[in-house]
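Remember, it's a predicted structure, so these values are computed and weren't measured experimentally.
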Amino acid sequence: MAEGPRLAVVGAGPAGLAAALAAAARGVRVTLVAAAEQAGGQFYRQPAAALGAARPQALHHQWRTWERLRAGLGRHLATGRLTHLTDHHVWCVAADPVSGTFGVHALRGPAQEEGVTVRADAVLLATGGYERVLPFPGWTLPGVVTAGGAQAMLKGGLVLPGRTAVVAGSGPLLLPVATGLVTAGARVAALVESAGPAALLRRAPALAAQPGKLAEGAGYAARLLRHGVRTLPGHTVVAAHGTDRLEAVTVAALGREGHLRPGSARRIRCDTLAVGHGMLPHTDLAETLGCTLSGTAVRVDDEQRTDVPGVWAAGEATGVGGAELALAEGHIAGCSAAARLHGSAPAPRRSAAAARARRRLREFATALDAAFEPPAGWAGRLPDDTVVCRCEEVTAGEVRRAVDPLGAGDLRTVKLLSRAGMGWCQGRMCAPAVAGLAGCPLTAGRRPFARPVPLGVLAGLPDTEAGPPDAD
């Protein structure tokens with residue numbers, strides 16, 4: 001195969017796949033680096049072949065889109081234009097100021113103890129997002145999982161997290177999670193959504209601009225209705241109860257400014273609580289490269305370029321908006337990267353349809369974000385003895401004491417005074433909750449590594465390089 005410019009795409013979800021296929025189709029040698037054993041990301045997560053799933057499409061929508069992506073991936077793999085490195089956990093992307101190339105450093109294999117470096121002329125970050133976790137009394141009990149975690153168990157492992165579930169929190173993810181669970185045979189005792197109908201009505205014009213999305217949501221709601229799932233809008237989980245594991249949850253109605261309505265609390269028996277309050281962008285790798293963030297997302301231009309030369313970003317890392325938006329952004333980014341690597345500007349007409357879709361879907365996502373904000377006042381309701389940082393067992397009271405009387409005004413100072421965020425996850429899970437309790441902005445951590453790295457891997461970096469089969 002003829003030599004050509006090299007592009008490393010980090011992440012094999014919708015954005016990463018769309019970008020990799022677009023770039024490979026335009027003569028770029030693409031290395032697709034992903035932590036999972038199969039392509040698809042969370043949205044198109046597939047069960048292991050050994051499980052012998054007869055109808056995996058039953059757990060998905062937009063299956064035809066996935067089939068097109070999978071077929072395109074197979075074609076480019078067969079030609080050698082694209083290399084797919086599975087089970088590669090990227091911990092750092094570094095630019096070489098001398099050569100102008102990039103090193104994508106990863107840990108290979110399930111043990112994550114073998115270091116690998118992929119060399120590329122440009123990098124495209126499609127690192128996705130992660131769930132926002134807000135604590136409450138009992139949230140550390142076995143049986144309490146995130147909404148996305150429950151979905152991953154079902155899609156990837158074909159297992160139910162429990163027999164009787166409550167799905168709770170805020171955001172559009174709750175609908176497919178509840179529908180997936182009840183379709184797979186679980187009893188969903190309640191769908192508890194903190195946003196009320198009024199929040200959606202206020203954004204009706206923006207939401208109505210995407211009738212397909214509304215029809216999709218209505219389809220989920222209809223299936224839940226057929227299964228007799230009770231829906232509680234304008235409610236929130238107050239506490240989870242149990243001894244060795246979850247046995248029940250208490251939910252209550254929300255009034256104005258997030259206050260709990262007196263007398264509205266009710267106890268629901270269940271063995272599983274799938275809870276989530278939306279998503280946040282994964283920006284660790286972008287931060288180590290020095291990419292500017294806009295709020296909590298990577299800032300990009302109309303071509304999906306970051307402000308670091310040679311680095312593109314697409315999908316949830318640039319702002320959470322769903323799979324269709326990620327596909328549009330990935331296509332635009334892949335076309336742009338290919339053109340720039342070949343020394344030319346991208347032809348606007350090649351990405352015109354994707355650009356129009358991106359604009360519409362971004363406006364829709366902005367409206368959804370506003371409608372499904374986490375419930376107001378949640379931090380004030382949290383008892384002092386509630387664990388907030390699970391790694392270091394830091395409680396809400398300790399975080400509050402770091403602010404008053406100790407005077408912490410930002411996440412870093414709270415971390416230094418309370419140890420919240422000093423554990424294994426380095427604040428990736430607890431940072432939103434700590435920021436809410438401290439009343440400070442959720443800011444980037446600027447960690448040097450995106451995940452823990454063995455010292456032996458760091459010591460052996462110069463001798464542990466790998467890339468596409470025909471790389472130097």
side-chain hydrogen bond (donor to acceptor under 3.5 Å, both in side chains) partners for D96, two or more places apart: S99
Give the table of side-chain donor-acceptor pairs shorter than 3.5 Å for residues 141-154, with sequence neighbours excluded, one pair per line with atom names and distance.
from: T146; atom 1: OG1; to: E131; atom 2: OE2; distance (Å): 2.7
from: T146; atom 1: OG1; to: G149; atom 2: N; distance (Å): 2.9
from: Q151; atom 1: OE1; to: Q42; atom 2: NE2; distance (Å): 3.3

So salt bridge (Lys or Arg N to Asp or Glu O under 4.0 Å) across residues 341-357, not counting sequence neighbours, yields none
Tell me if a side-chain donor or acceptor on R428 pairs with a main-chain N or O of A450 at a distance below 3.5 Å. yes
Donor-acceptor pairs under 3.5 angstrom involving side-chain atoms of residues 300-311: please list them, not counting sequence neighbours.
from: D301; atom 1: OD1; to: E303; atom 2: N; distance (Å): 2.9
from: D301; atom 1: OD1; to: Q304; atom 2: N; distance (Å): 3.2
from: D301; atom 1: OD1; to: R305; atom 2: N; distance (Å): 2.9
from: D301; atom 1: OD2; to: R305; atom 2: NE; distance (Å): 2.9
from: D301; atom 1: OD2; to: R305; atom 2: NH2; distance (Å): 3.0
from: E303; atom 1: OE1; to: S336; atom 2: OG; distance (Å): 2.6
from: E303; atom 1: OE1; to: R340; atom 2: NE; distance (Å): 3.1
from: E303; atom 1: OE1; to: R340; atom 2: NH2; distance (Å): 3.4
from: E303; atom 1: OE2; to: R340; atom 2: NH2; distance (Å): 2.6
from: Q304; atom 1: OE1; to: R358; atom 2: NH1; distance (Å): 2.9
from: Q304; atom 1: NE2; to: A313; atom 2: O; distance (Å): 2.9
from: T306; atom 1: OG1; to: V308; atom 2: N; distance (Å): 3.1
from: T306; atom 1: OG1; to: V308; atom 2: O; distance (Å): 3.3
from: T306; atom 1: OG1; to: V311; atom 2: O; distance (Å): 2.9
from: D307; atom 1: OD1; to: T292; atom 2: N; distance (Å): 3.1
from: D307; atom 1: OD2; to: T292; atom 2: OG1; distance (Å): 2.3

Pairs touching residues 321-331 that satisfy salt bridge (Lys or Arg N to Asp or Glu O under 4.0 Å), sequence neighbours left out: K213-E324, E329-R362
May I have the list of side-chain donor-acceptor pairs in residues 156-184 shorter than 3.5 Å, sequence neighbours left out?
from: T179; atom 1: OG1; to: L175; atom 2: O; distance (Å): 2.8
from: T183; atom 1: OG1; to: T179; atom 2: O; distance (Å): 2.7
from: T183; atom 1: OG1; to: R223; atom 2: NH2; distance (Å): 3.1

Which residue pairs pass the salt bridge (Lys or Arg N to Asp or Glu O under 4.0 Å) test when at least one of the two sits in residues 39-51, sequence neighbours left out? none
Under the salt bridge (Lys or Arg N to Asp or Glu O under 4.0 Å) test, which residues partner D271, sequence neighbours left out? none
With sequence neighbours excluded, give me every ring pair (Phe, Tyr, Trp, His ring centres under 6.0 Å) pair touching residues 271-294. Y130-H282
Ignoring hydrogens, what is the shortest heavy-atom contact between P281 and T296? Give both atom names and the distance. CG-O, 3.4 Å
Determine all donor-acceptor pairs shorter than 3.5 Å in which one atom belongs to a side chain in residues 394-401; sequence neighbours excluded.
from: T395; atom 1: OG1; to: D384; atom 2: O; distance (Å): 3.4
from: T395; atom 1: OG1; to: E398; atom 2: N; distance (Å): 3.3
from: T395; atom 1: OG1; to: E398; atom 2: OE1; distance (Å): 3.2
from: E398; atom 1: OE1; to: T395; atom 2: N; distance (Å): 2.8
from: R400; atom 1: NH1; to: L382; atom 2: O; distance (Å): 2.9
from: R400; atom 1: NH1; to: D384; atom 2: OD1; distance (Å): 2.5
from: R400; atom 1: NH2; to: A379; atom 2: O; distance (Å): 2.6
from: R400; atom 1: NH2; to: L382; atom 2: O; distance (Å): 2.8

Main-chain N/O of Y44 paired with Q46 side-chain donor or acceptor, under 3.5 Å: yes
Partners meeting salt bridge (Lys or Arg N to Asp or Glu O under 4.0 Å) with R359 (sequence neighbours left out): E363
With sequence neighbours left out, what residues match E114 under salt bridge (Lys or Arg N to Asp or Glu O under 4.0 Å)? R108
